[in-house]
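First up is the structure itself, then whatever we jot down about it.
Computed from a predicted model, the values in this text were never measured in an experiment.
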Amino acid sequence: MSKIIISCAITGSIHTPSMSPYLPVTGAEIAASALGAAAAGAAILHLHARDPANGRPSSALAHWMGFLPAIRAGSDAVINMTTGGSAVMTLDQRLEAPLAVAPEMCSLNMGSMNFALYPMLGKDRVWKYDWEEPFLRNSDDLVFKNTPRDIEGVLRLMGAERGARFEFECYDLSHLYMLAHFRDRGLIVGPIFVQFVMGVLGGVAADPSHLMHLKETADRLFGRDYAFSVLAAGRQQMALAAMAAGMGGHVRVGLEDNLYIAKGQLAVSNAEQVAKVRALVEGLGRVVATPAEARAMLALKGADRVAG
């Protein structure tokens, strides 16, 4: 099998500060956590920004610049900037920092969907900030907007004009067909890097049979001209990572996707999750890719061609 790329999603926009004291929210925390994940074996760092004053998801370029320079100075890992941001942001807000920085890689969500976070309210907790509980509660009426017009705009602005490659985030079967639609229009060329996002309420459940179906469908649509990675939100994180590795795919872990390292035990860092999944995939006979190898596998433009 080819070498396996470990991606690490450092903080995301789903979990709130009250859920874990280890969730990085300030620029210094995000940078330190990202560098730790890279040292542990993550070739790609999937990044979001937060307001350091209250931990709220942020799209502000100033907040991004609170950690991007430190990550670049301390690691050669691939920086993958979200264009999904948070489901409550407009597309213009989500693109503010990526447009300025022109990174090697961006995420791109391949369809609109319900994005229901309110089940997280089921656990009693003391809220640190007044935005957290309403943010989760109001997700029962939240549509994460990623229309074909939005997708085409991101492909043009970040891809055609700035040379970024994409982590195509596919939360359901229909997203694979949307990806194929843009490929057929000539707006996407290989190698295609598909991220199967499993376990978000509103998307496909984190079930092994669903992963098999997603993989079989992607094989029919894209043949040999794609690679896939798997993330499972929540408790199925490592089980589906093992399955992905055994199927020849790549893996993503991180505190964006799961706050725990074992049942009832919070992960103390992103590096802890990376180390665990690295041991798991190496135990299956896979060799972990370096950032340079990941760049070659995904045909990235190189860190020296990043603007910001």
Give a yes-or-no answer on whether the side chains of [X] and [Y] include a donor-acceptor pair shorter than 3.5 Å.
X    : Y    : result
Y118 : N138 : no
N146 : S112 : no
R50  : T11  : yes
S58  : H63  : yes
Q195 : E167 : yes

So, does [X] use its side chain to make a donor-acceptor pair with the main chain of [Y] at under 3.5 Å?
X    : Y    : answer
E29  : V25  : yes
N109 : G111 : no
S139 : L136 : yes
K301 : A164 : no
D207 : S209 : yes
T147 : D150 : yes
E132 : K128 : yes
R286 : G249 : yes

Is it the case that one hydrophobic cluster holds both [X] and [Y], taking links as side-chain heavy atoms less than 4.5 Å apart, direct or via other members?
X    : Y    : answer
V197 : Y260 : yes
I6   : L240 : no
F222 : V230 : yes
F115 : M110 : no
I151 : L157 : yes

So does [X] pair up with [Y], basic N to acidic O under 4.0 Å?
X    : Y    : answer
R185 : E152 : yes
E104 : R165 : no
R125 : E133 : no

Supply the atom-to-atom distance [X] [atom1] to [Y] [atom2], rounded to the nearest 0.5 angstrom.
X    : Y    : atom1 : atom2 : value
L45  : S75  : CG    : OG    : 6.0 Å
E293 : I4   : CD    : CD1   : 12.5 Å
L23  : E256 : CG    : CD    : 10.0 Å
L187 : L155 : CG    : CG    : 6.0 Å
L117 : R137 : CG    : CZ    : 13.0 Å
C8   : N80  : SG    : CG    : 11.5 Å

Determine the minimum heavy-atom distance between [X] and [Y], stating which atoms define it.
X    : Y    : answer
A70  : L35  : O-CD1, 4.0 Å
C106 : P103 : SG-CG, 3.7 Å
L99  : R162 : O-NE, 3.0 Å
A37  : N270 : CB-CB, 4.1 Å
T83  : L108 : OG1-CA, 3.8 Å
L298 : M105 : CD1-CE, 3.8 Å

In the structure I gave you, are the side-chain heavy atoms of [X] and [Y] within less than 4.5 Å of one another anywhere?
X    : Y    : answer
L255 : H15  : no
E216 : L211 : no
V204 : L214 : yes
E169 : H46  : yes
M212 : M247 : yes
Q237 : V253 : yes
L68  : I79  : yes
E282 : V288 : yes

T90: what forms a side chain to side chain contact (heavy atoms under 4.5 Å, CB included) with it, not counting sequence neighbours?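 For T90 the side chain to side chain contact (heavy atoms under 4.5 Å, CB included) partners, ignoring immediate neighbours, are D92, Q93.
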Evaluate the ring planes of Y171 and H175, with Trp represented by its six-membered ring, and classify them as parallel (under 30°), tilted (30 to 60°) or perpendicular (over 60°).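 Aromatic pair Y171/H175 classed perpendicular.
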Classify the angle between the aromatic ring planes of F135 and W131 as parallel (below 30°), tilted (30 to 60°) or perpendicular (above 60°).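 It falls in the perpendicular class, over 60°.
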Side chain to side chain contact (heavy atoms under 4.5 Å, CB included) between F193 and S229, intermediate numbers included: CA-CA 7 Å; F193 186 58; S229 178; 3.8 Å; yes
Does Y22, at its OH atom, have more than 12 non-hydrogen atoms belonging to other residues, nucleotides or ligands within less than 6.0 Å?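 No - once you tally the heavy atoms of other residues, nucleotides and ligands closer than 6.0 Å, there are 12 at most.
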Would you indicate whether D184, at its atom CG, is surrounded by more than 12 heavy atoms from other residues, nucleotides or ligands within a distance under 6.0 Å?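 Result for CG/D184: enclosed.
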Could you please spell out the steps behind the side chain to side chain donor-acceptor pair (under 3.5 Å) verdict for Y226 and D219? CA-CA 8 Å; Y226 90 105; D219 286 346; 2.7 Å; yes
Begin with the C-alpha distance, continue with both residues' side-chain angles, and end with the deciding distance and a verdict on side chain to side chain contact (heavy atoms under 4.5 Å, CB included) for T82 and R94. CA-CA 8 Å; T82 179; R94 288 152 50 182; over 6 Å; no
Applying side chain to side chain contact (heavy atoms under 4.5 Å, CB included) to Q236 and M198, what does each step give before you reach the verdict? CA-CA 9 Å; Q236 297 299 325; M198 309 183 73; over 6 Å; no
Kindly determine whether F228 and F196 satisfy ring-ring contact (aromatic ring centres under 6.0 Å, His included), including the steps that lead there. CA-CA 7 Å; F228 75 96; F196 296 136; 5.6 Å; yes
Take H48 and S13 through the test side chain to side chain contact (heavy atoms under 4.5 Å, CB included) and record every step on the way to the result. CA-CA 7 Å; H48 289 242; S13 63; 4.0 Å; yes
Between S174 and D172, is the side chain to side chain donor-acceptor pair (under 3.5 Å) condition met? List the steps. CA-CA 6 Å; S174 61; D172 217 333; 5.4 Å; no
